[in-house]
Amino acid sequence: MSDRPSKKLKMDSEAEKVAEAAEEHLKQHPHPVPTKQPYVAHDDGEFKDWIKHQTTAEQAQKLEDGPNNAFTGNKFSQKYFDILKVRRDLPVFAQRQQFLDIFQNTQIMVFVGETGSGKTTQIPQFVLYDDMPHLAGTQVACTQPRRVAAMSVAKRVADELDVELGEEVGYSIRFENKTSPKTILKYMTDGMLLREAMDDHNLSRYSCIILDEAHERTLATDILMGLLKQVSIRRPDLKIIIMSATLDAEKFQSYFNDAPLLAVPGRTHPVEIYYTPEYQRDYLDAAIRTVLQIHATEPEGDVLLFLTGEEEIEDACRKISLEGDELVREQNCGPIKVYPLYGSLPPNQQQRIFEPAPEGANGKPGRKVIVSTNIAETSLTIDGIVYVVDPGFSKQKVYNPRIRVESLLVSPISKASAQQRAGRAGRTRPGKCFRLYTEEAFKKELIEQSYPEILRSNLASTVLELKKLGIDDLVHFDFMDPPAPETMMRALEELNYLQCLSDEGDLTALGRTASQFPLDPMLACVLIGSPAFQCSEEILTIVALLSVPNVFVRPASARKRADEAKMAFAHSDGDHLTLLNVFEAFNSEEAMQHGLHQWCRDNFLSYRSLTSARSVRAQLRRIMEKHDLDLVSPGYDDPDYWTLVRKALAAGFFMQVAKKKSGNKGYLTVKDNQDVLIHPSTVLAAENEWVIYNEFVLTSTNYIRTVTNVKPDWLVELAPKYYNLDHFGDGDVKLSLKRIIERVETMNKQKEKKDKKKKSKSS
DNA sequence: GAGCACTGC
């Protein structure tokens with residue numbers, strides 16, 4: 001264990017630096033944007049002298065002190081006062097007046113607060129006491145990138161304001177709207193606010209919009225920022241607050257026309273950072289050794305190790321457990337308990353990470369080790385972590401516009417991520433972070449921030465959303481980070497082939513309908529087209545299943561049995577049809593009587609995915625009804641049942657087609673000419689000439705996954721524009737298509753002739 | 001013959 005991390009550095013207090021910079025900035029940019037509106041709402045009582053956007057921190061505090069709740073008129077409870085005491089101890093509280101000074105004098109501001117500052121819970125309340133939205137019938141919105149956060153923060157703030165959750169304070173997320181006409185503060189996902197903006201371009205019900213966790217740069221937050229920048233001009237009365245963790249604050253400021261900044265320090269314990277003296281070739285091995293070393297030599301405290309994916313994590317857990325037991329036997333170390341943590345882990349196993357560490361022995365501490373993906377970096381916080389081991393990698397989504405493929409790639413993390421990971425060690429007491437790379441690499445090789453999602457994604461659905469938001473000129477849309485032109489072109493092209501956009505780039509009726517569905521445009525189009533094939537009920541099921549995580553479970557210990565279980569649902573014409581069979585079975589009387597959980601376990605299916613598919617399906621079905629799209633099924637008795645479903649799929653998936661290579665065993669994707677193999681998980685036998693696929697999986701080999709057999713005649717008939725051979729490169733695919741198109745044309749002509757004859761005969 | 005990191009509508 002010679003290359004134990006050795007170099008030692010103190011983590012900088014970023015907050016102090018940012019606060020100084022902010023003060024300096026304020027001196028230079030006083031921002032006299034006049035949005036003050038003298039406005040007296042009530043003349044009956046306590047708000048008689050209150051003027052919108054002129055409250056002082058002192059006045060607000062007086063209102064908070066009670067005895068009556070300013071928003072409900074009710075008498076405050078004892079619990080309220082207990083919580084109030086804790087709140088007044090938060091770092092943000094000390095800067096309430098400073099916040100109000102900026103907030104009242106400017107339309108857009110940037111607020112920076114580290115973890116533990118209390119920004120997410122307190123800032124919206126500061127706004128409430130200054131804005132009094134209940135008097136004007138407006139609302140304050142605060143967005144979060146994740147659903148659980150929106151829910152749990154709303155619950156907390158409802159308690160802090162001494163109101164019932166869902167009344168004055170509520171939340172709005174997919175599948176659940178917990179708000180009422182009384183709601184004045186609404187926590188919501190960023191995606192949900194974006195949906196609202198599609199129907200109300202001015203977001204007119206809000207007097208203030210707070211974008212929280214803006215540094216995460218989710219697709220939805222990025223679009224909202226561009227949108228709010230425009231809305232702010234049309235609505236000078238709308239206040240906007242961009243909230244972020246420390247880094248990148250200047251970028252937000254300059255994007256929003258040099259908006260003023262307020263920074264508040266967080267409340268975390270110091271974390272000592274250690275680097276390795278040299279580059280680690282095998283980071284997995286180095287990580288395992290570091291964890292064991294911590295266990296053998298460091299005082300009490302739990303360990304968090306960041307790795308990239310499920311397989312790696314399970315592998316590391318096994319090795320750490322084995323070697324940890326050896327340490328117990330040979331060096332009298334305390335017991336060690338290792339837990340994996342990743343998104344696809346069943347919830348009850350995820351919960352196990354909160355079990356207490358094992359008791360120590362022989363005067364040596366027992367220890368809990370959690371081996372996790374990035375889920376522990378942002379989504380899940382675990383108290384009691386004192387040691388973090390950071391190899392410096394994570395799986396990140398990348399998009400290749402040339403072949404229109406999104407894939408996951410193990411890549412170095414950013415400085416911001418590294419800092420976030422280190423911070424996980426200092427939540428309850430001072431901690432240590434072991435970085436398995438050199439300090440040199442940290443400084444010179446890691447980028448400051450991860451690339452925002454908008455630069456790493458297929459933008460088909462984003463472009464459709466923007467069009468629906470009324471933004472016609474996408475080229476000049478003011479993105480904070482403009483996506484690559486090729487990515488935009490690909491998206492526009494794809495939407496044009498789907499007939500969601502006209503040749504002029506305008507939204508078509510189909511496009512307008514498609515934008516209403518929370519789906520990838522291609523899936524939305526399959527769904528909208530399905531009534532024409534009399535099978536919208538079937539397509540609803542398939543589309544829902546395609547938009548949730550994989551329903552098939554394949555544990556390493558029972559691969560063969562899992563595969564056999566899957567074959568019981570198999571349909572010889574493909575994986576899409578197999579999904580349909582699975583869902584039918586899941587909804588059967590038999591499964592119900594068996595108990596759905598048990599039934600899923602017995603059949604190696606994911607209960608979580610299937611129930612979530614059920615909610616998605618119900619939501620999609622409601623949207624279909626709302627748009628008068630027929631809900632129909634051919635019924636099992638129809639001899640064309642499966643053919644109709646396959647045709648309906650082909651009508652939307654015509655851009656994701658592969659043709660078998662002649663003589664060879666592989667396939668070639670149509671138009672992009674990529675060599676691919678059908679993923680081994682398919683139920684499809686090998687002899688199909690033409691297949692549609694749901695997904696292109698880019699690994700050591702290229703696979704297409706979730707594949708169904710189709711007839712090429714359907715493709716050329718359903719999407720003549722896409723199958724215009726002038727746009728195809730020469731080769732096997734083009735030749736075959738040419739023959740098919742000729743055949744189809746002759747057949748159509750013959751049919752026409754026959755029809756004409758019939759007509760003239762009958763008349 | 002086997003790569004679904006993590007979110008969101």
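All chains are named by letter (A, B, ...) in the order of the sequence lines, taking the proteins before the strands, and each is independently numbered beginning at 1.
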**Whether A:F477 and A:F479 hold their rings parallel, tilted or perpendicular, with breakpoints at 30° and 60°** = perpendicular
**Request:** For the pair A:H627 and A:F517, name the ring-plane relationship: parallel under 30°, tilted 30 to 60°, perpendicular over 60°.
**Result:** tilted
Nearest whole angstrom, please: distance from the [atom2] of [N] to the [atom1] of [X].
X	N	atom1	atom2	answer
A:F517	B:dC9	CZ	P	17 Å
A:F552	B:dG3	CZ	C1'	18 Å
A:Y399	B:dA5	OH	C1'	20 Å
A:Q619	B:dG8	CD	C1'	11 Å
A:L307	B:dC6	CG	C1'	16 Å
A:R217	B:dC6	CZ	P	22 Å
A:E406	B:dG3	CD	P	19 Å
A:N177	B:dC9	CG	P	12 Å

Report which part of the nucleic acid [X] touches: base, sugar-phosphate, or nothing (heavy-atom distance under 4.0 Å, all strands).
X	answer
A:L408	base
A:E310	sugar-phosphate
A:V410	nothing
A:R174	base
A:R705	sugar-phosphate
A:Y703	sugar-phosphate
A:D520	nothing

Look at the side chain of [X] and decide which nucleotide, out of [options], has an atom nearest to it.
X	options	answer
A:I173	B:dG8, B:dG1, B:dC9	B:dC9
A:M192	B:dG3, B:dC9, B:dA2	B:dC9
A:S681	B:dA2, B:dG3, B:dG8	B:dA2
A:P680	B:dA2, B:dT7, B:dA5	B:dA2

**Complete:** Taking for A:L341 and for A:L519 the nucleotide of DNA chain B with the nearest heavy atom, the one nearer the 5' end belongs to A:L341
**Message:** Go nucleotide by nucleotide along DNA chain B from the 5' end; which of A:E311 and A:E465 gets its closest nucleotide reached first?
**Reply:** A:E311
**Asked** Quick one: do the A:K186 and A:Y206 side chains pair a donor with an acceptor below 3.5 Å?
**Response** yes
**Message:** Looking at A:R195 and B:dC9, is any side-chain donor or acceptor paired with a base atom of the opposite kind under 3.5 Å?
**Reply:** yes
**Message:** Ignoring hydrogens and geometry beyond distance, is the side chain of A:R559 in donor-acceptor contact with the base of B:dA2 at under 3.5 Å?
**Reply:** no
Should [X] be listed as having a side-chain N or O under 4.0 Å from OP1 or OP2 of [N]?
X	N	answer
A:T189	B:dT7	no
A:Y342	B:dC6	no
A:T373	B:dC6	yes
A:R147	B:dC9	yes

**Item:** Under 3.5 Å: donor-acceptor pair, side chain of A:R174, backbone of A:M192
**Value:** no
**Request:** Ignoring hydrogens and angles, tell me if any N or O in the side chain of A:S457 forms a donor-acceptor pair with the backbone of A:L459 under 3.5 Å.
**Result:** no
**Asked** When rounded to the nearest 0.5 angstrom, what distance separates CG in A:L307 from NZ in A:K395?
**Response** 11.0 Å
**Request:** Could you note down all residue pairs passing ring-ring contact (aromatic ring centres under 6.0 Å, His included) where residues 389-421 of chain A supplies at least one of them, sequence neighbours left out?
**Result:** A:Y283-A:F393
